[in-house]
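Residue numbering restarts at 1 for every chain, and letters A, B, ... go by the order of the sequence lines.
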Number of protein chains: 2
Amino acid sequence: MKFSTRTTYGLRAMIKLAANYNKAAVSLAHIAKKEKISQKYLERLFVALKKEKLVLSEKGASGGYRLARDPKNIRIYDIVRVLEGEINPFHCVNDKGEIICSQKCHCGATAILIKVQGAINSTLQSMKLSDLL
Amino acid sequence: MKFSTRTTYGLRAMIKLAANYNKAAVSLAHIAKKEKISQKYLERLFVALKKEKLVLSEKGASGGYRLARDPKNIRIYDIVRVLEGEINPFHCVNDKGEIICSQKCHCGATAILIKVQGAINSTLQSMKLSDLL
DNA sequence: ATAATTCCTACTATTTTAGTGGGTATTACC
DNA sequence: GGTAATACCCACTAAAATAGTAGGAATTAT
């Protein structure tokens, strides 16, 4: 049970952008070097982050990325959701907490699953990017 | 971010055993059929569960498995821990909540990771197998 | 003796995750 | 206008984890 490195990489990169909020855009080359992450891999993460409107991009020399809004208004949940995909840690419950058990069952296990899922979600939702600076 | 099917299968099987606590041992063939899980796959899960002393086995005809102790005293955490391995959902924190970041950093991200990990663990630890009957 | 069981070892297939390569389009700056 | 730095795009490969299969041996109630 692990979050992918995508998520950790993405969080680290977003923290960098948050530190530069209202300042210059930050290039991926810079982040990749500082954080020792493959730049190519980062590029793909940022395509996703941009698509979900968490970041803005500026092309060309001295371009880069910046946060799309105040880090106070970006939940950790928002970032994880983009990079990790749906937060449905068990196969018989979807990300909305609905039971999708292939056996159509409501066995005792689903009670656990829903509770764990809720704990993860509410933790991620309670934290803002600005909390990490 | 998913728990493996091992864990869901194992929980479902353990619920079956709990329902038969103080009654006859339950065979894997029975569970496999009822729960539509590969028996061979279940066998391997139970090797692990037995090794960690969560279940007892009885060989031979009319044998099977039974819980090693009262379901009140088996935490969901204990089961998940065996089947899922260490609960360290991020690469830079181990299952004891210690930072093992390859960059030796204590970046803002670790605050999130530890909090999420704690939320998962305390949820799993708060629930007993007996709660699911 | 037989059939039902746990127990053991090894192998294969599938899926997910991580990472690489080779470019094009855009833009600040000299 | 040339150059270097950047985002952006597509396709491929590598590695790891997960899931599932195969063929048995040892044990035991009946």
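At least one donor-acceptor pair closer than 3.5 Å links the side chain of Tyr21(B) to the backbone N or O of Asp70(B). Remark: side-chain polar atoms of Arg66(A) are paired, donor with acceptor, to backbone N or O of Lys23(A) under 3.5 angstrom.
Note: OH (Tyr65(A)) to C1' (dT27(C)) measures 15 Å, nearest angstrom. Between the P atom of dC7(C) and the NZ atom of Lys51(B) lies a distance of 14 Å, rounded to the nearest Å. Protein atom CD1 of Ile31(B) is 13 Å distant from nucleotide atom C1' of dT5(C), rounded to whole Å. When the C1' atom of dC8(D) is taken as reference, atom CG of Leu49(A) falls 14 Å away, rounded to whole Å. In this structure, Leu42(B) atom CG and dT21(D) atom C1' are separated by 14 Å, rounded to whole Å. Residue Arg66(A) contributes atom CZ, which lies 14 Å from atom C1' of dT6(D) at whole-angstrom precision. dT5(C) atom P lies 9 Å from atom CG of Leu28(B), rounded to whole Å. Between the NZ atom of Lys50(B) and the P atom of dT5(C) there is a distance of 16 Å, rounded to whole Å.
Proximity of Tyr77(A) to Ile87(A): side-chain heavy atoms (C-beta onward) are separated by under 4.5 Å at one or more points. Looking at heavy atoms from C-beta onward, Leu28(B) lies out of side-chain contact with Tyr41(B) at the 4.5 angstrom threshold. Side-chain contact check for Leu42(B) versus Leu45(B): some heavy-atom pair is nearer than 4.5 Å. Side-chain contact between Leu83(A) and Phe3(A): absent, with no pair of heavy atoms (C-beta onward) separated by less than 4.5 Å. Residues Val47(A) and Glu43(A) have side chains not in contact (no heavy-atom distance under 4.5 Å, counting atoms from C-beta outward).
Looking at heavy-atom distances under 4.0 Å, Tyr9(A) makes contact with sugar-phosphate atoms alone, never a base. Among the heavy atoms of the strands, none lies under 4.0 Å from Phe46(A).
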Requested in this report: For nucleotides 24-30 of chain D, just jot down a letter per nucleotide in 5' to 3' order: B, S or -, based on protein non-hydrogen atoms under 4.0 Å.
Outcome: B--BBB-
Query - Verdict with reasoning, Asp78(B) to Val82(B), per side chain to side chain contact (heavy atoms under 4.5 Å, CB included) - result: CA-CA 6 Å; Asp78(B) 300 325; Val82(B) 169; 6.0 Å; no
Query raised in the report: How far apart are the C-alpha atoms of Met14(A) and Leu67(A), what are their side-chain angles, what is the distance that settles it, and do they pass the side chain to side chain contact (heavy atoms under 4.5 Å, CB included) test?
Result: CA-CA 8 Å; Met14(A) 289 293 276; Leu67(A) 293 184; 3.7 Å; yes
Report task. List the steps and the verdict of side chain to side chain contact (heavy atoms under 4.5 Å, CB included) for Arg75(B) and Val80(B). Result -> CA-CA 9 Å; Arg75(B) 299 178 300 179; Val80(B) 174; over 6 Å; no
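In terms of hydrophobic clustering, with Ile, Leu, Val, Met, Phe, Trp and Tyr side chains grouped at heavy-atom distances under 4.5 Å, Leu56(B) and Tyr65(B) are assigned to different clusters.
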If you look only at distance, which donor and acceptor atoms sit under 3.5 Å apart when one is on a side chain in residues 124-133 of chain B and the other is two or more places apart or in another chain?
from      : atom 1 : to        : atom 2 : distance (Å)
Ser126(B) : OG     : Ser122(B) : O      : 3.4
Ser126(B) : OG     : Thr123(B) : O      : 2.8
Asp131(B) : OD2    : Lys128(B) : N      : 2.8

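Side-chain nitrogen and oxygen atoms of Ser57(A) include none within less than 4.0 Å of the OP1 or OP2 phosphate oxygen of dT6(D).
Computed from C1' positions of five pairs at each end, the angle between the two local axes of the helix from dA1(C)-dT30(D) to dC30(C)-dG1(D) equals 10°, rounded to 10 degrees.
With sequence neighbours excluded, no residue forms a side chain to side chain donor-acceptor pair (under 3.5 Å) with Arg69(A).
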Between the protein and nucleotides 12-15 of chain D, which nitrogen or oxygen pairs are less than 3.5 angstrom apart?
none

Distances under 3.5 Å between nitrogen or oxygen atoms of protein and nucleotides 12-17 of chain C:
none

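From Asn20(B), atom CG reaches atom NE2 of His30(B) across 7.5 Å, with rounding to the nearest 0.5 Å.
Where Thr7(B) and Gln39(A) each meet DNA chain D at their nearest nucleotide, the meeting point lying more 5' is that of Gln39(A).
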